[in-house]
Each structure stands twice: as C-alpha cells, then as structure tokens.
S.K.: 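I have a structure I would like to understand better, so I am pasting it below and will then ask my questions one at a time.
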Amino acid sequence: MTSTAVSLVELGVVFLGLGILGHLASKISLSPVPLYLVGGLMLGQGGLVEFAGVADFGEMAGELGVVLLLLMLGLEYTAAELVTGLRQSWMAGVVDLVLNMAPGAIVALLLGWGPVGALVMAGVTYISSSGIIAKVLSDLGRLGNRETPVILSILVIEDLAMALYLPVVVAVLAGVSILGGLQAVGISLLALTIILVAALRYGHVISGVIDSPDRESFLLKLIGAALLVAGIASSLQVSAAVGAFLLGIAISGVTAENATRVLEPLRDVFAALFFFVFGLNTDPGSIPPVLGVAVALAIVTSATKMVTGWWAAKRQRIGPLGRARAGAALIARGEFSIVIAGLAVASGAVDDGLAALASAYVLLLAVVGPVAARFIEPIMRWLRRGPAPASASSRAGA
Amino acid sequence: MDVEETPLPGIGIRKEITVATGRRVGVVIHRDGRSELIVSRLDDPDASLVSVPLTVEEAAGLGSLLGGAQLVAQLTAEHRDIPGVRTEQALIEPTSPFSGRTLGDTQLRTRTGASIVAILRSGEVLPSPTPDFGIRTGDVLVIVGTADGLAAAAEILHPR
C-alpha cells in the first residue's frame, strides 16, 4: 500500500473507533471527551497498536479542532450576556479563580515543574467544562432552578478569563520575558474590549459581512474568517484559539445561531480528533506514576469547586441544597483543560509528566463531575435526615 | 403579579411568576425557540419539580388554553340568559385539515350555525376574526353555538 492509502485506512479506523466510543458515551450519558482520550492513549506510542500515519494529519486537524471549539464557545454567548455576567458575578469569578488555580499551581511546583508548569497546571485545574456542565444541567432538568444562573455566570467568567489566560500561557511557553507576557495580555485585553464594544454596538454589521443566505458560502466564509483571525492572533503571540473565541463573540443574533448549526458537525469531527491526538501523544505508561497525584488533585479541586459554588449560591440567597447543587455542578473538567495542556505539550517547554497528569485528571473529573452533580442532592438530603424543607428556614437567616 | 426574567447565558432566558401557593411557575425559552415549562418544588423552592420540554406549537397551544379559559368563562356568563347557547374552545392540532387555511374555508356558520367569536394565538386574543383569517396550528378558536352545533363544529375542525 502507498503511504496515502495507509493513512486513509488508519484515519478511517480512527474515526470509526471514535464514532463507536461517542455512541457508547451517549448511551451511558457521559461526555465523549474522556473516551476519545482513552482511544488516543490506546493507539499511540506505547499503546496497544501504534498508528503513525495519523499523526501528521492529526496535528493540523487538532489545531483546527481547537479553533472551532473556541469559535463555538464565543458563539454561545452574546456580548450583552458576557458584560452582565461580568458585572453581576465578578466576585464569584475571583473566588473561583483563586481557589481552583492554587491547587494545580502548588502541585506543579511540588513536582518541580517550575513556574511555567505551575501556570499551565493552574489553568488545567481552574477551568470547568462548560460543555459537560450545560448538558448535565439540561439533562437533570435543572434549567428552572434558582442556582442555575449562578453556575452559568461563573462559567461565563471562566471563559472570559481564558481570553486573557491563553495569551499569557502562549507567551510564557514561547519563552518570552515578563515584558513580552504583559504585552500579550495587553494586546488581548485591548482586543477583548474592542470586540465587546464593537459587538454590543455594531454586532449586526460584523454578522452582516459573514452572513449569507446560501449555506455553503456561509460555511466557507465562517471558516475563512475564523482561520484568518486565528492566524493573525497567533502571529501577534495572542494564541489562535483566543482569536477564534473573540470572533465568535463578535458574531451575534440569528447569524450566530445559524453559524452554530453549520459548524457543529465540523467541530465534532475536528475536536474529537484533537482529543484523540492528545491521547495519542501521551504515553499510557507515564500515567500510573502520576495517578496518585491526579487522584489527590481531583479530590482537592472537587472540594474547591464545591466551596466556590456554595459560596456563590449563598450570596444569591439560595438554600443549602441549591448551594450544594451549584458546587457539585462545577466539578466537571474537560475540553478546555486538555486545550491548555495541549498548548503546553506542543511547545515542548514543560515536563513530559504534565500531559499524563492532565489526561488522568480530566479522565477522572469528566466522569466524576456529572455523577457528583446527579447524586449530590440525595446525599445532602440523607445527610440532613430525610427530605427536610430546610431551605425555607435557613434562607431567612442567610 | 411580577414576571421575573433571568438570563441563562449560553442557553436562553427564564421567565417566571410566583403563584399564590408559593411555587415559581414559568418557562425557560431556549435560543432556538424551544421552551420548557418549569414548576418549582415546595420543599426546596430553589429546585424544579418538573421541567417539561415543549415544541413551539405545543407552547403556543398551552398558552392559548390558559388564556382561553378566562375568556370562555366570561362569554359563558354573558350568554347565561340565552338558554341553549354555549361557548367552547377548540385547539387546532397539526392533524386538522384547516391548519394553514382560512376561517372562510371551514364554512362553520353555514354548516353548523355556530360562530367563531375570537381566536387566541400566542397568548393574544384576536376578537371577531374575518373569513380571510388564516388558521394556524396551536390557535384556539372560541366558538359560540348550541350543543349540537358545537359538536358538529368540532367534527369539522378535527374529523375522526
């Protein structure tokens, strides 16, 4: 067989396998992300079989996957929602940031991965998976709950924080000085402000340029704009992903809804490949040594997310059960932890153990998070001895 | 009565009222137009007892049914002095042959003697509709007539 033929066969097998894994995940109502990672781990270096032909295409496709992931994240929110979210819950956002970045950073320092490793691990443990959480809340019928807006606004702030965090990480990983890092933050802060203001005032203009009644040309324009903006952002050292995220915010209204619809299948294909490639590049043999650390980190950062959610919900005068639900819902980590770890690994500026630790950590919490969200209520009721209507009395005191 | 509106970033918006029994009752409206009917628990007012997903048509139908009950009661009271005249409401289902056609097409008054006095659509009352009024799925027709006339009208709108 020619090398093209081999690559095609291997890619075919990979996509078929990912499809089966995805189906399995939806059967047991689990996020497919951890299963894609496992798939990659099994087929990569040191895995069951080695799939070398996929790697070249996989790298570029994974890169595209990240751009599409962030573009669609930006499309999810309107600029108005971001601004209100920021105004109402910035304090919860700060608590979330401090409590959840600290454990990752401390563990990385203890493992001797230096300040760069600490910065990366801080991001990995900080960012909850908005994809997993939105789905869990909807599946559990909790969209009508009072604590749900609290959870969602924390997620909004985390995603906004990513727009500032990613450029810093990219700059630091590239080995630039503190000044260079600050410059990257400056550029992305400026870009973020301009985009938010522009989207609030002239969102329809930006949307109008991209919009097209014809589905095919609309899709091509979208992809073109996303890659162009991502490329420019990347050349300015602000991370391609952030450029795509900002473009997503700028596109609004009906155009954003249509864009979500046409991009979804593409995002699913390329993002799946991104998670798979991340697993592929991680040696499964490197996981057992860090498993203990991953479990400890998962336990600690589950607790810190519980505290974050509890505190934020309490501030909104929500009862103890709702506070517990808010905390447990935030535990899930997923796609963006891997995006951050992926950036670090690709740069080669961090310890090899980081990919293994991030994989094990996300595998644990992507599975535990939804389970915790589901069972926190019965556990709380049991702890409180039966379904006591405790919220009414405690609300008066809160 | 205050309608409390809460934005749900990335999902849509929630609109709810607190009813006399203390429950929150309302809807979550998704970006794509789907909606969910939500009712809060009594023992934990922060949580939802149910959240029922509704299609656009179902939501419109439910809204009209709720709005219609009051109007029908009012019309019934007005017609109390005329024996044999009743008021009924008919929800247009997707199976109705007149969904997507005009009121005139039904020839309801000619065929049954009953008349359509109002139409409820998306929570709005449209009084005294003309024959060229277009009927849609989810509309509720408020019909006044005799018991026989109303039965015949129901049969025309939704033949068995």
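Letters go in sequence order (proteins before strands), and every chain restarts at 1. Keep in mind it's a predicted model, so treat the numbers as computed, not measured. What you see below is based on every heavy atom in this structure, not just the backbone, and it leaves out hydrogens, waters and symmetry mates.
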S.K.: Would you find a donor on one side and an acceptor on the other, under 3.5 Å apart, between the side chain of B:Asp46 and the backbone of A:Asn145?
M.R.: no
S.K.: Has B:Arg136 got more than 12 heavy atoms of other residues, nucleotides or ligands less than 6.0 Å from its CZ?
M.R.: no
S.K.: Please determine whether a side-chain nitrogen of the Lys or Arg among A:Arg325 and B:Asp44 lies less than 4.0 Å from a carboxylate oxygen of the Asp or Glu.
M.R.: yes
S.K.: Does the side chain of B:Leu8 come within less than 4.5 Å of A:Pro149's, by heavy atoms?
M.R.: yes
S.K.: Tell me whether A:Arg215 at atom CZ has more than 12 heavy atoms from other residues, nucleotides or ligands lying less than 6.0 Å away.
M.R.: no
S.K.: Could you check whether A:Arg142 pairs with B:Glu36 (Lys NZ or Arg NE/NH1/NH2 to Asp/Glu carboxylate O, under 4.0 Å)?
M.R.: no
S.K.: Would the distance check show the side chain of B:Arg24 and the main-chain N or O of A:Gly144 forming a donor-acceptor pair, the cut-off being under 3.5 Å?
M.R.: yes
S.K.: Contact part of B:Thr6 toward chain A, heavy-atom cut-off under 4.5 Å: side chain, backbone, both or neither?
M.R.: side chain
S.K.: Does B:Asp2 CG have over 12 foreign heavy atoms under 6.0 Å away?
M.R.: no
S.K.: To the nearest 0.5 angstrom, please state how far the CD1 atom of B:Ile13 sits from the CD atom of A:Glu81.
M.R.: 9.0 Å
S.K.: Where on A:Thr84 is there a heavy atom nearer than 4.5 Å to chain B: the side chain, the backbone, both, or neither?
M.R.: neither
S.K.: Taking atom OG1 of A:Thr260 and atom CZ of B:Arg31, what is their separation to the nearest 0.5 Å?
M.R.: 8.0 Å
S.K.: Which atoms of B:Ser48 are under 4.5 Å from chain A, going by heavy atoms: the side chain, the backbone, both sets, or neither?
M.R.: both
S.K.: Rounded to the nearest 0.5 Å, what separation is found between the CD atom of A:Glu257 and the NE2 atom of B:His30?
M.R.: 12.5 Å
S.K.: Could you give the distance from CD1 (B:Ile11) to CG (A:Leu143), rounded to the nearest 0.5 Å?
M.R.: 5.0 Å
